[in-house]
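First the structure, in the form of structure tokens, and then the observations on it.
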Amino acid sequence: MKQVRTRFAPSPTGFLHIGGLRTALYAWLYAKQNDGVFVLRVEDTDQGREVEGAKQVIYSTLRATGLTYDEGPDVGGDFGPYIQSERKQIYADHAQTLIDSRAAYRCFCTKERLADERRKAEKSGRNYTYDMHCLGLSEQDIQDKLTAGETFVVRQNIPKDGDTTYSDAVFGDITVPNSDLDDNVLLKTDGMPTYNLANVVDDHLMGITHVIRGVEYLSSTPKYNHLYRAFGWTLPRYIHLPVVMKDKQRKLSKRHGDASFDDFIKKGYLKEALLNYIALLGWSPGTDQEIFTLEGLTKAFSISGLSKSPAIFDTDKLTWMNAQYIRALSEADFIATAMPYFKECGADAFDLKLITQIMQPRLETLTEIPVKLAFLSKMPEFSQQMYFHKRMKTDAQTSLPVLKEALSLLTAHEDYSMEPLKEALMGLVEKLEIKNGQLLWPLRVAITGTQVTPGGAVEAACLLGKEETLNRLKASIAKNK
RNA sequence: GGCCCCUUGGUCAAGUGGUUAAGACACCGCCCUUUCACGGCGGUAACAGGAGUUCAACUCUCCUAGGGGUCACCA
């Protein structure tokens, strides 16, 4: 059997968005699963839309996520070049082949005439398709226009009678009347091909066996098939993916900045979690398993698990999954991953192992770290009302004597590691014949200036250490009048 | 609007003629508890509507509605 070859063919028009990344993921998975080859091809035939640096973003994102390509612009391969703008001559040659066999024709129509025709069609409620005006040009007419230097495009010549049935692995067989198929432009005035020509030529020349792409290409697939036939080429297997939606009405788009891989990383998501989540958007393994490594996905992936309907991107679920990934990190990995955030709030000066123990089960995204740990490097101003706790029946007044007791205990106490510290404090609770919370609640407030902290008073004191704990406690007692 | 496609709880989804219609997220409650989490237990919630076919329809067919895609010298 022929070796499976899939490709990811993005346009360098900006950052890599989530939908694109998912397409790349599926194409990669399918290739790897079948011991095939995954190719990256950059589709930059629209000179005007290219964004500076976008190619690099594509390369780096694919590398960062582990979706490495076997062939591509910056890694080479036997079927290059892998950047379409560098393949201009190839497309021109193929367009000529089509013209020679009358599967395509030159069109000299001006944009004005086309716009006019379109307007007329719309006015009369008719559906616009190109009227094939230039198909009727005689050989002489064409030569005359050519020598006169008129610019032209090359259009696909699609027979308008009969139907075309095409096949997609997820949507099944679809039949459309050929009269609905427009004679689209294959080669533009500037000599660059359109997607219509380039994708067919490249997919064939690069030996792509499975075309995996978004549904937006589904309805023009019969046109591509006519091209394959005109060239005498074998059709690839098509696998069209449902769109990823932002909500019921709107799809996740590059605009609004809500959909790029980089954005999610900046918001504190782990790339592994993101990849795992998008794998499950529009695809189901058919089992209850939800947490997958890339390797696990490679084994589990199946085309039959792909869904046909659009899927709404659910940030809540992604966040949950991110928390799962954070918790699963080893201590060393967690510290390394969280380090930039520790530094941001000065937490890197404290016991990172203990911080890891406290923070890891409490985080959903990395960006929560600085806000949760802010109290460590700086004692916040706080209100005396924070001592109030209804269930424990504490307030600033009742807390004062307890805090004084705590101060003398903590002054005498030497070992500020968790267990001994906790034991000592619990001993005080027993001695004073109060509830845990009647000591620990006010104590946390007094040494962190915060009512809500990751962990409790014991953890806080342990992290702060004896000196800082006592300083804060004395200062808080002094303020409590 | 034409053409094509889709339709199970708020969301992701399993289900391929006979099920008490899974599971996960979210939400709610309880337990744990010095706060916040973690964890544990439990709960609310769905086959878009209508005709058929069939002994039997979430599963098949048709219609309606809703949603999506597409109709570029963009990909």
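To find a chain, count down the sequence lines: A is the first, B the second, and so on, and within it residues start at 1. Below, each value reflects all heavy atoms present in this structure, side chains not excepted, and no hydrogens, waters or symmetry copies.
Nearest-nucleotide positions on RNA chain B place Y166(A) closer to the 5' end than the other of Y166(A) and Y195(A). Of the residues near RNA chain B, N184(A) and E290(A), the one whose nearest nucleotide (by heavy atom distance) lies more toward the 5' end is E290(A).
At a threshold of 4.0 angstrom between heavy atoms, the contacts of K111(A) include nucleobase atoms, whether or not backbone atoms are also involved. Here G456(A) lies in heavy-atom contact (under 4.0 Å) with a base. Counting non-hydrogen atoms under 4.0 angstrom, D316(A) reaches the backbone sugars and phosphates but no base. Among the protein residues, G282(A) comes within range of the sugar-phosphate backbone only, with heavy atoms under 4.0 Å from sugar or phosphate atoms but none that close to a base. As judged by a 4.0 angstrom heavy-atom cut-off over every strand, T189(A) is placed among the base-contacting residues. Among the heavy atoms of the strands lying under 4.0 Å from V452(A) is at least one base atom, whether or not backbone atoms are also near. No engagement by L218(A) is indicated, since no non-hydrogen atom pair under 4.0 Å with the nucleic acid exists. Contact annotation for T453(A): base contact, defined as any heavy-atom pair under 4.0 Å involving a base atom. At the heavy-atom level, A457(A) lies under 4.0 Å from base atoms of the strands shown. Y217(A) comes within contact range of at least one nucleobase, with a heavy-atom separation under 4.0 Å. Among the protein residues, R391(A) comes within range of the sugar-phosphate backbone only, with heavy atoms under 4.0 Å from sugar or phosphate atoms but none that close to a base. When heavy atoms are screened at a 4.0 angstrom cut-off, E122(A) is found touching no nucleic acid atom at all. The residue V243(A) sits close only to the backbone: its heavy atoms come under 4.0 Å of sugar-phosphate atoms, none of a base. Across all strands, R327(A) comes closer than 4.0 Å only to sugar-phosphate atoms, never to a base (heavy-atom distances).
Classified by its glycosidic torsion, C38(B) falls in the syn category, the angle being within 90° of 0.
Between D173(A) and T165(A), the side chains place no donor N or O within less than 3.5 Å of an acceptor N or O (distance only, hydrogens not considered).
With both ends at atom P, the span from U59(B) to C3(B) equals 26 Å, rounded to whole Å. As rounded to the nearest Å, U64(B) and U70(B) have P atoms that lie 24 Å from one another. To the nearest whole angstrom, the two C1' atoms, one in U8(B) and one in C4(B), are 23 Å apart. Between the C1' atoms of A65(B) and A51(B), the separation comes to 14 Å (whole Å). With P as the reference atom, C5(B) and U61(B) are 12 Å apart, rounded to whole Å.
Base pairing annotation: U7(B) forms a Watson-Crick or G-U wobble pair with A65(B), both donor-acceptor distances under 3.5 Å. Partner assigned to C71(B) is G1(B), using Watson-Crick or G-U wobble distances below 3.5 angstrom. Summarising the base pairing, C41(B) is matched to G29(B) through a Watson-Crick or G-U wobble pair whose two defining distances lie under 3.5 Å. Nucleotide C12(B) has G23(B) as its partner under the Watson-Crick or G-U criteria, with both atom distances under 3.5 Å. Base pairing of A57(B): no nucleotide in any strand meets the Watson-Crick or G-U wobble criterion (both distances under 3.5 Å).
Of the candidates C5(B), G23(B), A72(B), the closest approach to any side-chain atom of F171(A) belongs to C5(B). In this structure, the nucleotide among A13(B), C73(B), U34(B) sitting nearest to the side chain of V185(A) is C73(B). Listed candidates were G67(B), U11(B), C71(B). Nearest to the side chain of I312(A) is U11(B). Listed candidates were G68(B), C3(B), A72(B). Nearest to the side chain of M245(A) is G68(B). Closest to the side chain of D314(A), from the set G69(B), U11(B), A75(B), is U11(B). Among the nucleotides G23(B), C38(B), C25(B), the one closest to any side-chain atom of W320(A) is C25(B). For N127(A), the listed nucleotide lying nearest its side chain is G1(B); candidates were U34(B), G1(B), A72(B).
Taking only side-chain nitrogens and oxygens, K188(A) never comes nearer than 4.0 Å to OP1 or OP2 of C73(B). Between T45(A) and the phosphate of A75(B), there is a side-chain N or O to OP1/OP2 separation shorter than 4.0 Å. The phosphate of U34(B) has neither OP1 nor OP2 within less than 4.0 Å of any side-chain N or O from W441(A). Contact annotation: N436(A) side-chain N/O to U34(B) OP1/OP2 distance is under 4.0 Å.
In summary, E43(A) and R41(A) engage in a salt bridge, as defined by a charged side-chain N under 4.0 Å from a carboxylate O. Salt bridge status for K160(A) with D183(A): present, with a side-chain N to carboxylate O gap under 4.0 Å. Ion pair R113(A)/D131(A) flagged as a salt bridge, since at least one NZ, NE, NH1 or NH2 atom sits closer than 4.0 Å to an Asp/Glu carboxylate oxygen. Salt bridge status for E405(A) with K431(A): present, with a side-chain N to carboxylate O gap under 4.0 Å. By the 4.0 Å N-to-carboxylate-O rule, K317(A) lies too far from D314(A) to be salt-bridged with it.
A donor-acceptor contact under 3.5 Å is not formed by the side chain of R362(A) with the base of C38(B). Evaluation of atom-type donor-acceptor distances gives no pair under 3.5 Å for the side chain of D180(A) against the base of G2(B).
The closest donor-acceptor contact from the side chain of T151(A) to the backbone of T189(A) lies at 3.5 Å or more, if one exists at all. Judged purely by atom type and a 3.5 angstrom limit, N199(A) uses its side chain to pair as donor or acceptor with the backbone of Y195(A).
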